[in-house]
Amino acid sequence: MSAQNAIRAVIADMQAAWNRGDFAGYMEGFANPDVVFVSRGRIQKDWQATLDHYIADYGGAPDSQGALTFSDIRIEMLADDAAQLVSTYTLIRDSGTQQGINTRLMRKRDDCWVIALNHVSAQE
C-alpha cells in the first residue's frame, strides 16, 4: 500500500471510530503520548489531554459526538516518514454544525502513520 493510501486509511478509521462514539479508537490515529493539538487558539499537548478534551467536549451522552466527515483530503509527502495533510471537516450535531480545516503533520512510526501535530481551524 502506498504511503498516501495508508494515511487515507488512518483518517477513514478515525472517522469511523468517531461516528460510533469510540473516542479511544479515534485517538489511535494520533501519536501517543506526544501529539500536539492546536484548536481555539490554544496548544493542548499530549495524547491523554487530547482524549480528555474530546470526551469533555463531545462525549456527554450517547450519540453526542455527532457525525464527522473528512473531505477534500490533500496529502503532500515531505519525506519517507513525514507528510502534510490538509482536509476539510464537517461535524453535524444536534447543537449545531461545525466546519473547518484540519492541517496535520503525519509521521510514520513503527510502520504506522500517526498524527504528530493536529491544527483545527473552525469556520465561524
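Everything quoted here is computed from the prediction, not taken from an experiment.
- Phe23 is linked by a ring pair (Phe, Tyr, Trp, His ring centres under 6.0 Å) to Trp18, counting only residues two or more places apart in sequence or in another chain.
- By the 6.0 Å and 45° rule, Arg104 stacks over the aromatic ring of Phe70.
- Considering only residues two or more places apart in sequence or on other chains, Asn102 meets the side chain to side chain donor-acceptor pair (under 3.5 Å) condition with none of them.
- Hydrophobic cluster membership for Ile101: Val86 (Ile, Leu, Val, Met, Phe, Trp, Tyr linked by side-chain heavy atoms under 4.5 Å, directly or transitively).
- Residue pairs meeting the side chain to side chain donor-acceptor pair (under 3.5 Å) criterion with at least one member in residues 2-14, sequence neighbours excluded, are Ser2-Asn5.
- Heavy atoms only, all atoms of each residue included: Gly66 and Arg93 are closest at CA-CG, 3.7 Å.
- In this structure Asp34 satisfies the side chain to side chain donor-acceptor pair (under 3.5 Å) test together with Arg109, sequence neighbours excluded.
- Applying the salt bridge (Lys or Arg N to Asp or Glu O under 4.0 Å) rule to Arg42 yields no partners; only residues at least two apart in sequence or on another chain are considered.
- In terms of the side chain to side chain contact (heavy atoms under 4.5 Å, CB included) criterion, Ala12 has no residue partners (sequence neighbours excluded).
- With hydrogens and angles left out, the side-chain atoms of Thr88 and Ser71 include a donor and acceptor closer than 3.5 Å.
- A pairwise comparison of heavy atoms in Ile73 and Ser87 identifies CG1-CB, 3.7 Å as the closest pair.
- Residue pairs satisfying the salt bridge (charged side-chain N to carboxylate O under 4.0 Å, His left out) criterion with at least one member in residues 48-62, sequence neighbours excluded, are listed as follows: Arg40-Asp57.
- In terms of heavy atoms, Gln65 sits closest to Asn19 at NE2-O, 3.2 Å.
- Other members of the hydrophobic cluster containing Val36, listed by chain and number, are Val38, Ile43, Leu78, Leu105, Leu117; membership follows side-chain contacts under 4.5 Å among ILVMFWY residues, whether direct or relayed.
- The ring pair (Phe, Tyr, Trp, His ring centres under 6.0 Å) search around Phe30 returns Tyr26, not counting sequence neighbours.
- For the ring pair (Phe, Tyr, Trp, His ring centres under 6.0 Å) condition, no pair includes a residue of residues 75-120, sequence neighbours left out.
- Residue Val114 belongs to no hydrophobic cluster, having no ILVMFWY side-chain heavy atom closer than 4.5 Å to its own.
- Arg107 approaches Ala116 most closely through the heavy-atom pair CG-CB, 3.6 Å.
- Distance alone, capped at 3.5 Å, places no donor-acceptor pair between the Glu76 side chain and the Ala83 backbone.
- Closest approach of Gly29 to Met14, counting heavy atoms only: CA-SD, 3.6 Å.
- Here Lys108 does not pair with Asp80 in a salt bridge; the nearest charged N to carboxylate O distance is not below 4.0 Å.
- Placement of Val35 and Ile55 within a single hydrophobic cluster is found when ILVMFWY residues are connected by side-chain heavy-atom separations under 4.5 Å, directly or transitively.
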